[in-house]
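Data first, discussion second: the structure below is written as structure tokens.
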Amino acid sequence: MSFNDELVRRFEQMAQMLELTGANPFRVNAHARAARTIDDLTSDLGEIAGDAKALIAIPGIGKGIAEKIGEFAETGKIGEHLDLLAEVPAGLLRVLEVPGLGPKKVALLWKDLGVEDIDGLKRVIADGSILGLPRMGAKTVENLIASIAFMESSGQRLHLGIAAPIAEAIVERMESVKGVKRAAYAGSLRRGRETIGDIDVLITTGDPDGAREAFTTMPGMTEVLAKGESKSSVRLSLEGIDHARWGGDGAAAQVQVDLRIVPEASWGAALMYFSGSKEHNVRLRERAQKQGLTLNEYGLYPEDGEDEPPQKRGVKAKAGKTEEDIYAALGLAWVPPEIREDRGELDVEQTPRLIEAGDIRAELHAHTTASDGSMSLEELVAEAKARKFHTIAVTDHSKSSAQAGGLDETRLRAQRAQIEALRETTTGIEILCGCEVDILGDGSLDYDDGFLAELDVVVASPHVALSQEPKKATARLLKAIENPYVHVLGHPTGRLINRRKGLEPAMDEIIAAAVEHDVALEINAHWMRLDLRDTHVRAAVEAGAKIAIDCDDHAPGDFDNLVYGVLTGRRGWLTPELCVNTWTKAKLHKWLRSKHG
DNA sequence: CCGCTCCGGCGGCTAAGGCAGAAGCCTTA
């Protein structure tokens, strides 16, 4: 684990343990924020851990946290962290994750009943002693039992590529309900995060009862958690959705879906509020307050010091119907949802024009039946043409990837002959002969330079030795980037979301080398990969590195994953100019040829 | 604990729903 990740884990734990011991909430939050801040960094904190001034210069890290980072760098541990570990049972943090249980109740379970883990919780439920606690009745316990089952069956956040189609189907369904005027999904899904905790759907309707009824009786619905005036929550079974093969044992079996019925005049305010992120919203509300205003999910109102919310007193909102109106009233331009993460989006003069799916005109990473794809060469080309691309690169695996049917030099030359023949009869699209060459453990490539020089496009990717230590991984990837024939560094970390961490190179060094050697860094658009991840993209964009967004197609439907790669690019503030897939045919091919002297 | 602002001290978002317990707490988002 990298130095940064060691700290992230500790600060996250500290935040939770502090919460359980009843510490000052702002102190709790400071640790949670520090974890988030460090997780977003692309540079190695170990390099500056001794320099308190440099640490404090990072927003979100103050004197106290800086000291702890210094302590960890020197001694390999944080005293306060160890003290907390000694005080708070390890299994209790898991109890805190049970939906419906917050710090107060968990602390009570712990102090009064000696609950130290999930099993302990089950025990006090079974013997009924839990009912002796204040604010703990039969109904609460019943919900807890369902929550524990939910947690044990789902376990982790849902992949973007699984959640998005479900949310779209729900929105479509709600749109068809009588009386519903508008429907949209919000939440982290709208922001394009790589994983989703739950699905938020907003509607406006003239018939709230009908909408509520339609929502809580959707097919696949397993449980109704809430059914109130403006909010309903259900759990939906994911049975029949084929993602077990991607998600492994921990694949979610259910997902929570919230429906919010909002007034037409509050549509924009509600959409903003429920799109988040929470941190972005807090910044907006702080900003509103400085202007003598108050912002909530109903609109932007004048602050008048009253306790009762303004919408309940008939106060007229300054804005609320559209997101644009509200941002404008706060003196801001509309912020695309993907960058609402409190990563400086409110501090820039103007948000750059972010990349869009329609900008993409070329695919540089695709497989055929020659290695582990399911499409023939002809099918691949036809599919790319149907997507209106001007260029498709055929990049099957290299020989080391034997399990994927990787091609040796002889087979790849034969494929090139086949491609050249196909070009004769194909119009409207350029077919490039390339490869996805393995970056071996030591950073050498699976073909020698002389052979690579024969290819139109070279994508170099790590597939093996994905758990090597950070320093080795950095050296390995740097070596691949320095190879004069490499165009694209494919899925640079090799991670699989929720399943495999992948490499943890010093990403700032990788980015600097990519700029120097004119190599594009790939955002692999498959929702299982999505690396570079958003924060890496952001750092790459700031350094002026080229980015490739590729689908790594193995089957026709894989082209549809493009949207997820684009969302990740947008989260990293990627503009079209830096993305090689948006370039004109002439510009792209000129760049590709430049690697051949 | 952080950041702002004046260098030590203070303030740091907002609402709804559910439940338990009869007004308010806890949790979640």
Side-chain angles (χ1 to χ4, degrees), chain A residues 11 14-15 18-19 23-37 55-69 80 96-109 130-144 146-147 186-191 196-202 212 224-233 256-262 266 269-290 293-301 303 306-312 330 342:
Chain A
F11 286 133
M14 287 179 74
L18 284 167
E19 201 167 28
N24 177 344
F26 296 105
R27 222 177 132 221
V28 173
N29 189 42
H31 284 82
R33 178 155 185 231
R36 202 174 71 90
T37 301
L55 290 173
I56 291 172
I58 302 171
I61 294 178
K63 189 161 162 284
I65 299 286
E67 260 172 37
K68 285 165 199 166
I69 295 172
E80 195 186 343
L96 196 54
E97 287 167 21
V98 177
L101 286 184
K104 296 272 163 54
K105 282 185 175 164
V106 174
L108 219 52
L109 283 162
I130 192 171
L131 291 164
L133 293 178
R135 320 203 52 77
M136 195 64 84
K139 180 71 183 171
T140 306
V141 172
E142 193 183 305
N143 290 343
L144 274 183
S147 287
S188 52
L189 186 56
R190 182 167 179 240
R191 302 203 311 281
I196 303 307
D198 58 12
I199 297 174
D200 296 295
V201 176
L202 268 56
R212 219 171 355 248
V224 179
L225 303 168
K227 199 173 170 183
E229 209 35 48
S230 62
K231 175 191 167 180
S232 301
S233 292
Q256 181 172 328
V257 188
D258 295 340
L259 178 77
R260 314 275 176 166
I261 302 175
V262 310
S266 298
L271 201 52
M272 265 170 83
Y273 183 88
F274 291 110
S275 293
S277 66
K278 193 170 162 228
E279 292 79 7
H280 177 84
N281 287 347
V282 168
R283 289 273 177 243
L284 288 178
R285 284 183 223 127
E286 284 170 357
R287 191 179 172 103
Q289 293 233 308
K290 289 205 180 79
L293 303 167
T294 177
L295 176 64
N296 63 26
E297 64 212 74
Y298 293 92
L300 182 65
Y301 299 88
E303 176 60 83
E306 296 287 327
D307 275 349
E308 198 182 12
Q311 72 277 4
K312 292 202 170 161
L330 289 170
D342 188 23

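In what follows, every heavy atom counts, from backbone to side chain, and hydrogens, waters and symmetry copies are set aside. Everything quoted here is computed from the prediction, not taken from an experiment.
- Residue contacts for Q311(A): at a heavy-atom cut-off of 4.0 Å it reaches the sugar-phosphate backbone alone, with no base atom in range.
- Rounded to the nearest 0.5 angstrom, I61(A) CD1 and K68(A) NZ are separated by 12.0 Å.
- Ranking dT27(B), dG17(B), dC2(B) by closeness to the A226(A) side chain, first place goes to dG17(B).
- By the 5.5 angstrom centroid cut-off and the 30-degree plane limit, F26(A) is classified as stacked against the base of dG12(B).
- If you check every strand for non-hydrogen atoms under 4.0 Å, G60(A) touches sugar and phosphate atoms only.
- Rounded to whole Å, atom P of dC25(B) lies 16 Å from atom CE of M136(A).
- A donor-acceptor pair under 3.5 Å is absent between the side-chain atoms of S266(A) and the main chain of A269(A), judged by distance alone.
- Once rounded to the nearest 0.5 Å, the distance linking CZ of R135(A) with OG1 of T140(A) reads 8.5 Å.
- Rounded to the nearest Å, the gap between the P atom of dG12(B) and that of dC6(B) is 16 Å.
- Proximity of S230(A) to the phosphate of dG17(B): a side-chain N or O atom is located under 4.0 Å from OP1 or OP2.
- dA20(B) sits 15 Å from dT28(B) when the P atoms are compared, rounded to a whole Å.
- Here dG18(B) is the nucleotide among dG18(B), dA29(B), dC2(B) with the atom lying nearest to any side-chain atom of R135(A).
- Summary of the strand contacts: V282(A) and K104(A) both lie near DNA chain B, and taking for each the nucleotide with the nearest heavy atom, the more 5' one is attributed to V282(A).
- In this structure, E142(A) places its CD atom 10 Å from P of dA20(B), rounding to the nearest Å.
- Here dA16(B) presents its C1' atom at 14 Å from CG of D200(A), a figure rounded to the nearest Å.
- Rounded to whole angstrom, the span from the NZ atom of K105(A) across to the P atom of dC19(B) amounts to 10 Å.
- A salt bridge links E80(A) to R27(A): one of the charged nitrogens lies within less than 4.0 Å of a carboxylate oxygen.
- To the nearest angstrom, P of dA15(B) lies 9 Å from OH of Y301(A).
- V98(A) comes within 4.0 angstrom of the backbone, heavy atoms only, and of no base.
- A close approach under 4.0 Å does not occur between any side-chain nitrogen or oxygen of N29(A) and OP1 or OP2 of dC2(B).
- Comparing dT28(B), dA20(B), dA29(B) by their closest approach to the side chain of P99(A) singles out dT28(B).
- Summarising the geometry, atom CG belonging to L225(A) is positioned 7.5 Å from atom CG belonging to N143(A); distances are rounded to the nearest 0.5 Å.
- For the C1' atoms, the distance linking dC2(B) with dC7(B) amounts to 15 Å, nearest Å.
- Considering only side-chain atoms of N143(A), the nucleotide from dG18(B), dA29(B), dC2(B) that sits closest is dG18(B).
- For Q256(A), counting side-chain heavy atoms from C-beta on, the closest listed nucleotide (dT27(B), dA29(B), dC19(B)) is dA29(B).
- Both distances falling under 3.5 Å, in either a Watson-Crick or a G-U wobble arrangement, place dC10(B) opposite dG3(B).
- Listed nucleotides dA29(B), dG17(B), dG3(B) differ in distance to R33(A); the shortest reach to its side chain belongs to dG3(B).
- Atom P of dC26(B) sits at a distance of 14 Å from the matching atom of dA22(B), rounded to the whole Å.
- A straight line from CD of E297(A) to P of dT28(B) spans 17 Å, rounded to a whole angstrom.
- Atom P of nucleotide dA29(B) and atom CG of L225(A) are separated by 10 Å, given to the nearest angstrom.
- Between G62(A) and P310(A), the residue anchored nearer the 5' end of DNA chain B, judged by the nucleotide with its closest heavy atom, is G62(A).
- Comparing dG21(B) with dA15(B), their P atoms sit 27 Å apart, to the nearest whole Å.
- The shortest distance between the side-chain N/O atoms of T294(A) and the OP1/OP2 oxygens of dT14(B) is below 4.0 Å.
- Put simply, Y298(A) has no side-chain N or O that comes within less than 4.0 Å of OP1 or OP2 on dT14(B).
- The neighbour count for E229(A) CD, taken as heavy atoms of other residues, nucleotides or ligands under 6.0 Å away, does not exceed 12.
- Atom OG1 in T37(A) sits 9.0 Å away from atom CD1 in I65(A) (nearest 0.5 Å).
- Closest to the H31(A) side chain, of the nucleotides dG18(B), dA16(B), dC1(B), is dC1(B).
- Using atom C1' as the reference point in both dT14(B) and dG9(B), the two lie 26 Å apart (nearest Å).
- A close approach under 4.0 Å does not occur between any side-chain nitrogen or oxygen of K63(A) and OP1 or OP2 of dC7(B).
- When heavy atoms are screened at a 4.0 angstrom cut-off, R260(A) is found touching the sugar-phosphate backbone but no base atom.
- Separating the CG atom of L131(A) from the P atom of dG21(B) is a distance of 11 Å, rounded to the nearest angstrom.
- Of the candidate nucleotides dA16(B), dC19(B), dT14(B), dA16(B) has the atom nearest to the side chain of K312(A).
- Looking at heavy-atom distances under 4.0 Å, K290(A) makes no contact with the nucleic acid at all.
- In this structure a side-chain-to-backbone donor-acceptor pair under 3.5 Å is missing from R260(A) to S230(A).
- Applying the 4.0 Å criterion to OP1 and OP2 of dC1(B), one finds that K68(A) has a side-chain N or O inside that range.
- Within the 4.0 angstrom heavy-atom criterion, no nucleotide atom of any strand lies near L284(A).
- Residue-level contact check: A32(A) touches neither bases nor backbone, having no heavy atom under 4.0 Å from any strand.
- Using a 4.0 Å heavy-atom cutoff across all strands shown, N281(A) reaches no nucleic acid atom at all.
- Rounding to the nearest 0.5 Å places CG of L202(A) at 7.5 Å from OG of S275(A).
- Between Q289(A) and dT14(B) there is a side-chain polar atom (N or O) within less than 4.0 angstrom of OP1 or OP2.
- When the C1' atom is compared between dT5(B) and dG11(B), the two are found 12 Å apart, to the nearest whole Å.
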